[in-house]
Each structure stands twice: as C-alpha cells, then as structure tokens.
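Structure first, then comments.
It should be emphasised that the depicted structure is a prediction, and the values quoted were computed from it without experimental measurement. Every chain is numbered from 1 and lettered A, B, ... according to where its sequence line falls, protein lines coming before strand lines.
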Amino acid sequence: GAVVSQHPSRVICKSGTSVKIECRSLDFQATTMFWYRQFPKKSLMLMATSNEGSKATYEQGVEKDKFLINHASLTLSTLTVTSAHPEDSSFYICSASRTKETQYFGPGTRLLVL
Amino acid sequence: AQKVTQAQTEISVVEKEDVTLDCVYETRDTTYYLFWYKQPPSGELVFLIRRNSFDEQNEISGRYSWNFQKSTSSFNFTITASQVVDSAVYFCALSEFTGNQFYFGTGTSLTVIP
C-alpha cells in the first residue's frame, strides 16, 4: 500500500525559532500533497495544498509567510513554521495523493513551542 | 455549511456492545467518495474504508460494517461486539470529484469501557 512518512514525529522548540517538517511519499509519486493542522479534540483543518513545482494554495486564514510550504519533488513536501510561537503548538499532518479520490496520510508531527 | 456532519461528539459503550457512528454529508457532485478513518491516541489516521457514490452496497469487514444511504446522504459505521482497542476518534470524510480536497467531519470520540 501507499506509505507516507513524516519527520520529525515530535519536536520541541523555543519561541522564535523555525521548524521544518518533512513529508515523504515512500512508494509512490504524489502529484499533490496536503498539510493539515489539528488542535486537541478537534478535527483536521486543511492549511494548504501543494503541487510539485508550483506554489502552494493556502486556505483562508492561513498565513503563507508563517507556514512556508515547499514541494520540491513528487515525493517530498516540507512545511516550515517560521518564528514559531506557543500558539503554533499543534499536531501537523500531511497527506499525499496520486489520484483525485484518495489521500494517504502521514503519521503526524507534534510541535510544542515553549 | 458543514459538508460532513458527525453529530455524536462522544460515545461510551460497554465492551461487547454494538455501536453505530453516524455520518451525514452534503454535496452537489454526483461523483464523490466517502471515507472513514480511525485516529487512536497516537494520532496517526488509520484508513478504514472508501466508498464511491455509485456503489451503495453495504460493506462488512470483520466486526465493522458500513451502511451507505444516498437517499438520506448518510454513511454510518457500525462496530459489532466492541472491544477496548476500538477506543479512538473516528472521522468521516468526503471527497468530491470536482475538487481534490477532503472534507472531514468533527469526529466522534468512542470510548469502550471494559
């Protein structure tokens, strides 16, 4: 089956630093990758959609300068949380898609900003 | 308007009881896909099922069964003889053919009491 990995699985950082999260599709080429954010006991909130080689499309209310997304290849997308603050602490989940109807989800990254 | 509604926020059942998780969706597309995911405390989304809009056959997989009713726009999920390991948050999701976004419900937190 299709496997998506995320790295790191957990990160703690100081306020003001930047954190990069990687999302990789391990056994398939993903035409589209998605980034979600999930607050405790809440649903997944789509942050942005990215296609390889083009700029990400951000959802309303998501700061593109704060959450930098790079989709450099068909198997790798990165999310960089710039100048992280405690309110950015959350669970970030990526997904990868090769066809319209299915997304394969990564295991998630827990970010804690102190 | 919410495209996917999971009205049950939290459910508790005693082990071996059957439990049904409700999902109601809204779409104007004639082609769409419905999903159920399980999210255990570890956070990783576990894919359970995908159904396309043209296949209204109910499905059974072990103790899991799904009832897809287009007439009521519902895609309910039943766990038979629940077990403690079934305790998790369950998400219903919709993907429309005209887009590539997933719409998640707000999730139902299921607790199975031993």
Minimal non-hydrogen separation, [X] against [Y], with atom names:
| X | Y | result |
| --- | --- | --- |
| B:G105 | A:S43 | O-OG, 2.6 Å |
| A:R110 | B:S42 | NH2-O, 3.5 Å |
| B:Q39 | A:F91 | NE2-CE2, 3.9 Å |
| B:F91 | A:K42 | CZ-O, 3.9 Å |

Are [X] and [Y] grouped together when hydrophobic residues (ILVMFWY) are joined by side-chain heavy atoms under 4.5 angstrom apart?
| X | Y | value |
| --- | --- | --- |
| A:L111 | A:V62 | yes |
| B:L94 | B:I49 | yes |
| B:V89 | A:Y36 | yes |
| A:I69 | A:I21 | yes |
| B:Y64 | B:V19 | yes |

Top contributor to chain B contacts, counting heavy-atom pairs under 4.5 Å, from A:T32, A:L44, A:L46 | A:L44

Between B:Q101 and A:E59, does a side-chain contact (heavy atoms from CB on, under 4.5 Å) hold up when you go through it step by step?
-> CA-CA 11 Å; B:Q101 185 176 343; A:E59 294 299 303; 4.2 Å; yes

Do the two ring centres, one from A:F105 and one from B:F104, sit under 6.0 Å apart?
-> yes

Give a yes or no on this: more than 12 heavy atoms of other residues, nucleotides or ligands lie within 6.0 Å of atom [atom1] of [X].
| X | atom1 | value |
| --- | --- | --- |
| B:Q57 | CD | no |
| A:L114 | CG | yes |
| A:K41 | NZ | no |

So which part of [X] gets closer than 4.5 Å to some heavy atom of chain A, the side chain, the backbone, both or neither?
| X | value |
| --- | --- |
| B:F35 | side chain |
| B:F47 | neither |
| B:Y37 | side chain |

What distance separates A:Y104 OH from B:L45 CG, expressed to the nearest 0.5 Å?
-> 14.5 Å

Bottom line for A:Q6: the part with an atom under 4.5 Å from chain B's heavy atoms is neither

